[in-house]
Number of protein chains: 2
Amino acid sequence: MSEKRDVNSLLDLDFLQKLVVAIGEVAEITGVPTRKIRYWEEKGIISSVKEGEGATRRYDYLNIKKILLIQELMDEGFTLDAAAKKVENRMKNINEVFFRLVNNVQSNEEN
Amino acid sequence: MSEKRDVNSLLDLDFLQKLVVAIGEVAEITGVPTRKIRYWEEKGIISSVKEGEGATRRYDYLNIKKILLIQELMDEGFTLDAAAKKVENRMKNINEVFFRLVNNVQSNEEN
DNA sequence: CAACCGTTGTAATTAGGTTACAATTAACGT
DNA sequence: ACGTTAATTGTAACCTAATTACAACGGTTG
């Protein structure tokens, strides 16, 4: 069975981290308009990457997640800053879990 | 512990499926030039989605994976068609595994 | 009511993508 | 050697998407 290989191939988290998308796509995915996303970024609440000078921004999936979570909390009545703080804590957890997963996948690869 | 929630939040495969990126980004990720990607698509080997009429194409992560795998096989000496066929088989497996994972995550959610 | 928060509008500019037509390069069979 | 096919690349004209900066708006709070 080459199934383990297929699973690892599918859950290639290293690859997932490279998967960064343009702002229009993020707006489509999250339902948060581009203008708002840029505003949150101006305020330092989320962040994007720029490949080169004068290039367009790209958001990784952790930041997209963040946008979704913040929007959810704001819908519940949190202020932007409060929502951001709350999400920040959850993100720490998510990052930890993430690294643990990366390690698991890597040790499975050695079989 | 809200860890299970965080894991599910991280591995939100439903969300992952929405994560589609523009051709330039695919080129960056895979190292395969945009022109070549479009050529492979013309030949029907990979596929993209278009949101509306006259919009730009977007590739989901399974298709990006496909591009990577095909390029690898071609580097080993396979022809394009042979590589495509081989990858097609692996993709079937990957899709199966994928659906199984989606179901697992969903049943975990019921706890 | 003044100040702030969160958001949105828009115009001008730049970046990125599409299409179609054509050319190139290498391998394959006769 | 020759025509053929496979795989790729170049490019021009056109269209779509993103950026920046400046401004404005409605709601809330002191």
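In what follows, chains carry the letters A, B, and so on, assigned in the order in which the sequence lines appear, proteins first and then strands, with residues in each chain numbered from 1.
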**Message:** For a quick test of reading the model, state the closest non-hydrogen atom pair linking Arg58(B) to Val20(B) and the distance between them.
**Reply:** CB-CG2, 3.5 Å
**Item:** Where chain B begins and ends its contact with DNA chain C, read 5' to 3' at 4.0 Å from heavy atoms
**Value:** dG17(C) to dC21(C)
**Fill in**
On a heavy-atom basis, the closest approach of Trp40(A) and Gln71(A) is CH2-OE1, 3.9 Å
**Item:** Pairing residues for Ala27(A) by the side-chain contact (heavy atoms from CB on, under 4.5 Å) criterion, not counting sequence neighbours
**Value:** Thr34(A), Ile37(A)
**Asked** Has the side chain of Lys86(A) got a donor or acceptor atom that lies under 3.5 Å from a matching backbone atom of Ile70(A)?
**Response** no
**Prompt:** What are the residues of residues 77-89 of chain A, sorted by number, that bring a heavy atom to within less than 4.0 Å of DNA chain C?
**Reply:** Thr79(A), Leu80(A), Asp81(A)
**For Glu28(A), all residues meeting salt bridge (charged side-chain N to carboxylate O under 4.0 Å, His left out), sequence neighbours excluded** = none
**Item:** Value in whole Å for how far the P atom of dA7(D) lies from CG of Leu73(B)
**Value:** 13 Å
**Prompt:** Is Lys50(A) near enough to dT20(D) that one of its side-chain N or O atoms lies under 4.0 angstrom from OP1 or OP2?
**Reply:** yes
**Partners passing salt bridge (charged side-chain N to carboxylate O under 4.0 Å, His left out) against Arg38(B) (at least two apart in sequence or in another chain)** = none
**Asked** With a 4.5 Å heavy-atom cut-off, do Tyr61(A) and Val21(A) have their side chains touching?
**Response** no
**Request:** Report yes if at least one side-chain N or O of Arg57(A) is closer than 4.0 Å to OP1 or OP2 of dT19(D); otherwise report no.
**Result:** yes
**Item:** Gap between atoms OH and P, on Tyr59(A) and dA18(D) respectively (whole Å)
**Value:** 10 Å
**Request:** For a side chain to side chain contact (heavy atoms under 4.5 Å, CB included) with Tyr59(B), tell me which candidate from Leu19(B), Thr30(B), Ile46(B) qualifies.
**Result:** Ile46(B)
**Asked** If you look at every strand shown and take non-hydrogen atoms under 4.0 Å, does Arg38(B) touch a base, only sugar-phosphate, or nothing?
**Response** base
**Complete:** Asp75(B) CG to dA7(D) P, in whole Å, measures 14 Å
**Message:** Regarding Ser48(B) and Glu41(B), do their side chains bring together a donor and an acceptor under 3.5 Å, going by distance alone?
**Reply:** yes
**Message:** If you compare all heavy atoms of Lys50(A) against all heavy atoms of Arg57(A), which two are closest, and at what distance to 0.1 Å?
**Reply:** CG-CA, 4.3 Å
**Complete:** Assign each of Tyr39(A) and Ala55(A) the nucleotide of DNA chain C bearing its closest heavy atom; nearer the 5' end lies the nucleotide of Tyr39(A)
**Message:** By nearest heavy atom, map Gly54(A) and Arg58(B) onto DNA chain C; which one lands nearer the 5' end?
**Reply:** Gly54(A)
**Fill in**
d(Leu16(B) CG, Ile29(A) CD1) to nearest 0.5 Å is 9.5 Å
**Request:** Using a cut-off of strictly less than 4.0 Å between a heavy atom of the residue and any atom of DNA chain D, enumerate the qualifying residues of residues 19-37 of chain B by number.
**Result:** Pro33(B), Arg35(B), Lys36(B)
